[in-house]
2 protein chains.
Amino acid sequence: MKRSLFTALLLVILLPFSTVAQDSSRTVAERLGYPRDAKLVIIHADDLGMAHSVNAATIKAFETGLVNSGSIMVPCPWLSEIATYARANPQADLGLHLTLTSEWTSFRWGPVSPTDRVTSLLDKDGYFHLTETEAAAHADPKEVELEIIAQIERAKALGIQPTHLDSHMGTLYQNKALFEVFLRVARNYKLPVRVAKSWFARADFLPAILKADDVYIDRVLDINPAVAAGDWSRFYSEALKNLEPGVTEIVIHLANDDAEMRGATFNHPDWGAAWRQRDFDFFTSETFRKLLQDNQIKLITWREIGKLSHR
Amino acid sequence: MKRSLFTALLLVILLPFSTVAQDSSRTVAERLGYPRDAKLVIIHADDLGMAHSVNAATIKAFETGLVNSGSIMVPCPWLSEIATYARANPQADLGLHLTLTSEWTSFRWGPVSPTDRVTSLLDKDGYFHLTETEAAAHADPKEVELEIIAQIERAKALGIQPTHLDSHMGTLYQNKALFEVFLRVARNYKLPVRVAKSWFARADFLPAILKADDVYIDRVLDINPAVAAGDWSRFYSEALKNLEPGVTEIVIHLANDDAEMRGATFNHPDWGAAWRQRDFDFFTSETFRKLLQDNQIKLITWREIGKLSHR
C-alpha cells in the first residue's frame, strides 16, 4: 500500500516533466525511453484485408511474435475477416493501409465512399486506378480526404482501433497536396503516419509540411525487385547486421504462395505470391529470431510511437 | 448460284411463318426445334466472379464441355478475371447472376451503383445484406432497378455480352415487386430470365406477371443440404435417370476445395468449399458423361433460349 502510494505521488510529480521532455531535440528512440544508440525495429506486414491468403499468413506470422505490426486495406474484400481478428486481439498493432489503388488486373476493388462523389479516384472500369502514378495524377485532394476519412470510419465501425496510418503503394506521398491531406486527417484522428527521415532527400515537401508534434521515424527498409529470389535471406540478414541505431520500419508483404495469390498476381511477380511466401518464410524463421538477438535489435510498435504524436 | 437464290427466296417466304409459329401453344423444346419428348438440359454454374477458386474450377469444367453455361456476379472482386475469359470466349454461354446479397461473413462485397443511392440494399456495415430474406425485406424496388441496371452496364462495359439473367440466392424472386423489376429490366435488355414452370405452385405471382413472349423453362434442379456428402453422385445420377422431357436447368456451384474457398465458407458448409468440389467432381466425371448418353439427354444453352424471348 505504502509503496503504491509512493509510486502514485512520484508519477504526479514526474509526469509534467516527462511530457515537456518529449521535445524534438531528443531522438524518437530517447523519447520512447530507450538509449540514443538503441536499434528499434517495427516488423510491419502490409496489405491485410486484401486476400484470405494475406490474412492467413500474416496472422500466423503475428503468432510467432516476430512480425509485430501490420496495416489493413479497408476497401478490400477480406476486411471482415481481419476485422474479426482485430476485435479478438485488441492489443495487436494494427493500422490502416489507406488505399487509393487497385493494382491486380484480375482482382479489383474500389472506394468505400459513394463512387459518384470520388470520380477522380476511379479508372474507366469503376475501380481505383492500377498504379500510384495514375492515382496521384487524377486524384482531387478533396475527394481523397473524403475517401480516406470514409476508410477510417468504416474500420472504426467494424471495431478496428487503428494505431497508425500508412498508404498503399505510397500514393499519398506522391505529391505535396496529397501528403497535406494525409497528414491533416492523421492529426485529426491523433494517429501517427509512416514517414521516415530517410525519405526527406527525395521528397523535400515532407519536412516542409511536418510540424514539431508529427513524429517520424528514422528509416523504412523494404526489399525490392532487384533482389533475386535466392538472395532474399541474405538481403534481410545483411540489412539487420548493418542496421543503424534509431527507429526502422521493415515493411514486408506476407501471403501464402497459393492458388488465390497466384491468381491475383499471375502477371506481376514483383510483390507476387512467391515473393510474399519468401517474406513469410524469412520473417517467421529461427534465422531471423537469432539475427534480432545477435544484433541487439528490439521490436517496437506503432502503438508506442503513437503515444508521442499529436498529443 | 441458282441454289442459293432459291434458298434466299424460300427464307423470305418462310421466315414470317416461323416467327408466328413461336407461340405459346408449342413447348419450349418444340420451339427450339426438338421433339416434344426431348430431354434438354442446361448445366449451369453459378457465382462466377465471386472468387478465384470459383472462376478457376468453372473454367476448367467448361473445357470438358460437360458444364455449358454459367452466370457472373458483377459486384464481386474477381469479375475482371472472368470478364477476360468472356472476351476471349465470346461463344461461351455466360449470363449475369444479379447480386443483392453478400453471404460470407469473412469475405464481402457491395453495390456497383453509388452507395448513397441504394441505401436500402446495404447492411449496417455498408455491404449487401447477408441473406435473401433480409435483402428482400429492406430493398426499395426503385433502388433494385438502379443497381441491377448498373450491374448489367458494368458487365457490358467490360466486354461481357450476357446471354441470360438470374438472381444470386433468388433474391429477385422473393416477392412480386422485385420480380416485376427483374422482368422489366430483362425485357428491356431482351434477355431471358431463369424462371421455371415448376416454381409456379410456390410463387403464384410468377405466372401472373409473365407475358406470352417471356420464355420460361420447365424446371430447375439443384442439390440441397439434405443430401449427405456421400450421396452426391447418387442424387444427381437418379435425377438424370428420372429426368422428364422438356427443358431442365441443373444449377450447380463449382470451386476448388482450397484455402480461399475454405476461408470464405468456414462457418457455412452448405454451398461451401467441399460442396463445390463435389459438384465439380461429379459434373466433370465420365460417370456424368455416360449418364447424358445413356439417358438421351441433350445439352442446350441459354443462348438458344434467348432467341425465343422478347423478340
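First the proteins, then the strands, lettered A, B, ... as listed; each starts at 1. Both backbone and side-chain heavy atoms feed into the values below; hydrogens, waters and symmetry mates do not.
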*Which one, B:Ala83, B:Ser53, B:Gly126, B:Cys76, leads in non-hydrogen pairs under 4.5 Å with chain A?*
B:Gly126
_Around atom NZ of A:Lys156, are there more than 12 heavy atoms from other residues, nucleotides or ligands closer than 6.0 Å?_
yes
*Contacts with chain A made by residues 253-263 of chain B (heavy-atom distance under 4.5 Å), listed by residue number*: B:Asp258, B:Ala259, B:Glu260, B:Gly263
*Looking only at non-hydrogen atoms, find the nearest pair between A:Ser80 and B:Thr105 and report the distance.*
CB-O, 3.1 Å
*Looking at CD of B:Glu81 and CH2 of A:Trp104, how far apart are the two atoms once the value is rounded to the nearest 0.5 Å?*
14.0 Å
*For the residue pair B:Thr115 and A:Val112, what are the closest heavy atoms and their distance?*
OG1-O, 4.3 Å
*For B:Ser113, is it the side chain, the backbone, both or neither that has a heavy atom under 4.5 Å from a heavy atom of chain A?*
backbone
*So which heavy atom on B:Arg117 is nearest to which on A:Asp116, and how close?*
NH2-OD2, 2.9 Å
*Please examine the side chains of A:Ser106 and B:Trp78, heavy atoms only from C-beta on, and report whether any two atoms are closer than 4.5 Å.*
yes
*Which region of B:Arg108, side chain (C-beta onward) or backbone (N, CA, C, O), has a non-hydrogen atom less than 4.5 Å from a non-hydrogen atom of chain A, or is it both or neither?*
both
